[in-house]
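Heads up, the thing below is written out as structure tokens.
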Amino acid sequence: LLDMTSDEASLGKPVGNDLRERKMTIPLILALRTRDADFSKRAEDFFRSGSGESKDQSAVAELIGRIGTLGGFEQTRATIGAYVERAKLALGGLGSGANRARDELASLADRLVRVEKR
């Protein structure tokens, strides 16, 4: 998600790099699940094409925009939130002697969600 919603300075790599490397990502998969025929065709054409820097740059930007429009980012955020909540519930099994560790792990999970929202 950060690869598509962040900026290069914060990310430490070019935005959309995963797509340029033809990696299937959760936001892309969730956008494809909408069954939008035009988007599916464009994504398929992109993944079948060889990489060409100038061509890829505009295609990546277009795909990222469409992923956002089709709800891929919002659905990914919801999925992240659900996993964080599951992880925090699982911390309950640590027992009463692990209060500090449990609290730190829960805090870490919450911080990971906040990092994405910047």
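The shown structure was predicted, so the numbers you read here are calculated from the model rather than taken from an experiment.
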Gly72 backbone acceptor or donor facing Thr76 side chain under 3.5 Å: yes
Is the closest side-chain heavy-atom distance between [X] and [Y] below 4.5 Å?
| X | Y | result |
| --- | --- | --- |
| Phe73 | Ile26 | no |
| Glu74 | Pro27 | no |
| Leu70 | Gln75 | no |
| Val84 | Lys88 | yes |
| Thr69 | Phe39 | no |

Using the test side chain to side chain donor-acceptor pair (under 3.5 Å), find all partners of [X] that sit at least two apart in sequence or belong to another chain.
| X | result |
| --- | --- |
| Arg33 | none |
| Asp45 | Lys41 |
| Ser107 | Arg111 |
| Glu44 | Arg48 |

Counterpart residues, side chain to side chain contact (heavy atoms under 4.5 Å, CB included), relative to Lys13 (two or more places apart):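 Partners of Lys13 by the side chain to side chain contact (heavy atoms under 4.5 Å, CB included) criterion, ordered by chain and then number, come out as Asp3, Leu11, Asn17, Asp18.
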Partners passing side chain to side chain contact (heavy atoms under 4.5 Å, CB included) against Ser40 (at least two apart in sequence or in another chain):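 Listed in chain order: Leu32.
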Separation between CG of Asp110 and CG of Leu105, rounded to the nearest 0.5 Å: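 It comes to 11.0 Å.
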Spacing of CG belonging to Leu1 relative to CD1 belonging to Ile67, to within rounding of 0.5 Å: 10.0 Å
Six-ring centre of Phe47, Arg42 cation under 6.0 angstrom, axis tolerance 45°: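 No cation-pi geometry.
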